[in-house]
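Some notes on the structure that comes next.
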Amino acid sequence: WCEGLASSNISRLIFQYPSAVSAPYATPAAGAVAENTQVSLKTATEGAVIYYTTDGSTPTVNSHVYDSSNPFVISKNTTIKALAVKSKMESEVVTFAYTVSEKLSTPRASIETGSVVAAGTVVELTGDSGATIHYTVDGSDPKKADNQKVLIGTSVILSGNAGDVITVQAYASKNGYSDSETGY
């Protein structure tokens, strides 16, 4: 306003701060997981940076920055604390506690390794109650994800020519448990 001049139009300037930064969430959810489970952290707030700790301390902007291309691998009981930050606004700190499920025992064979047997001999594999036994008879790794030669069951028929060495590799799996080691 100035004396002798007409008033200008009213300028209206609008500024908006983000209302909140969403707290990080974890996939899979916290709790008991199989050994070597990969855990990813995310936030619904686009462009927010996630900071975390695994030593029990409360995370700050000086903590480790979570890298989405490098998820956590849970091989022991682990507690992750995380917060998301964008434009100097912080989410609440969230805690994700993971425990490693009990590990199954390695399957056992009814015939001792190194035994000389006739073609057609059946070897029985046994494992923990309710476990599924995965095995191969060609020496390949039954835990390898793309292995097309993995069989499931407890009875293995040994076949081959005289003098052949048959290598059976087996492991046990069951929901809620960590896979066993591979037995030979």
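Across all their heavy atoms, Ala20 and Met89 have their closest contact at CA-CE, 4.0 Å. The two atoms that bring Ser155 and Val122 nearest to each other are CB-CG1, 4.1 Å, heavy atoms only. Of all the heavy atoms in Ser63 and Thr53, the pair that sits closest is OG-CG2, 3.6 Å. Here the closest non-hydrogen pair linking Ala48 and Thr43 is CB-CG2, 3.8 Å. Of all non-hydrogen atoms in Gln38 and Pro28, the two that sit nearest each other are O-CD, 3.3 Å. Smallest separation of non-hydrogen atoms from Thr37 and Ala34: OG1-O, 2.5 Å.
Here Phe96 contributes atom CZ and Thr27 contributes atom OG1; the two are 9.0 Å apart, rounded to the nearest 0.5 Å. Here Leu125 contributes atom CG and Tyr135 contributes atom OH; the two are 7.5 Å apart, rounded to the nearest 0.5 Å. Separation of atoms CD1 (Ile80) and CG (Asp55) is listed at 12.0 Å; rounding is to 0.5 Å. To the nearest 0.5 angstrom, Tyr98 atom OH is 13.0 Å from Thr54 atom OG1. In this structure, Ile166 CD1 and Ser159 OG are separated by 6.0 Å, a value rounded to the nearest 0.5 Å. Going from atom NE2 of His134 over to atom CG of Asn147 covers 12.0 Å, rounded to the nearest 0.5 Å.
Connection of Leu151 to Val168 is established within a shared hydrophobic cluster, with ILVMFWY side chains joined at heavy-atom distances below 4.5 Å, either directly or through further cluster members. Clustering ILVMFWY residues whenever any of their side-chain heavy atoms sit less than 4.5 angstrom apart, transitively, puts Tyr171 in a cluster other than the one holding Val156. A chain of hydrophobic side-chain contacts below 4.5 Å, direct or via other Ile, Leu, Val, Met, Phe, Trp or Tyr residues, connects Ile133 to Val137.
In this structure, the side chain of Ser115 does not engage the main chain of Thr113 through any donor-acceptor pair within 3.5 Å. Judged by distance alone, with hydrogens and angles left aside, the side-chain atoms of Ser180 form no donor-acceptor pair with the main-chain N or O of Leu104 at under 3.5 Å. With Thr45 contributing its side chain and Ser22 its backbone, the two residues share a donor-acceptor pair below 3.5 Å. Asn70 places no side-chain N or O within 3.5 Å of a backbone atom of Asp67 that could act as its donor or acceptor partner. Of the possible donor and acceptor atoms, one in the side chain of Lys86 sits under 3.5 Å from a partner among the backbone N and O of Glu46.
Neither side chain, Asn36 nor Ser75, offers a donor N or O lying under 3.5 Å from an acceptor on the other. Under the 3.5 Å distance criterion, with hydrogens and angles disregarded, no donor-acceptor pair is assigned to the side chains of Thr99 and Asn77. Remark: the Thr136 side chain and the Gln169 side chain contain no N/O donor-acceptor pair separated by less than 3.5 Å.
With a 4.5 Å cut-off on side-chain heavy atoms, Ser178 and Ser101 count as touching. Taking 4.5 Å as the limit, some side-chain heavy atom of Asp179 sits within range of a side-chain heavy atom of Lys143. Looking at Val85 and Ser91, their side chains never come closer than 4.5 Å, going by heavy atoms from C-beta outward. Between Glu92 and Leu83, every side-chain heavy-atom pair lies at or beyond the 4.5 Å cut-off. Looking only at side-chain heavy atoms (C-beta outward), Asp138 and Thr167 stay at 4.5 Å or farther from each other.
Among residue pairs with one or both ends in residues 48-72, those qualifying as ring pair (Phe, Tyr, Trp, His ring centres under 6.0 Å) are Tyr52-His64, Tyr52-Phe72, Tyr66-Phe72; sequence neighbours excluded.
Around NZ of Lys103, the count of heavy atoms belonging to other residues, nucleotides or ligands within 6.0 Å exceeds 12. The number of heavy-atom neighbours closer than 6.0 Å to CD1 of Ile111, taken from other residues, nucleotides and ligands shown, is above 12.
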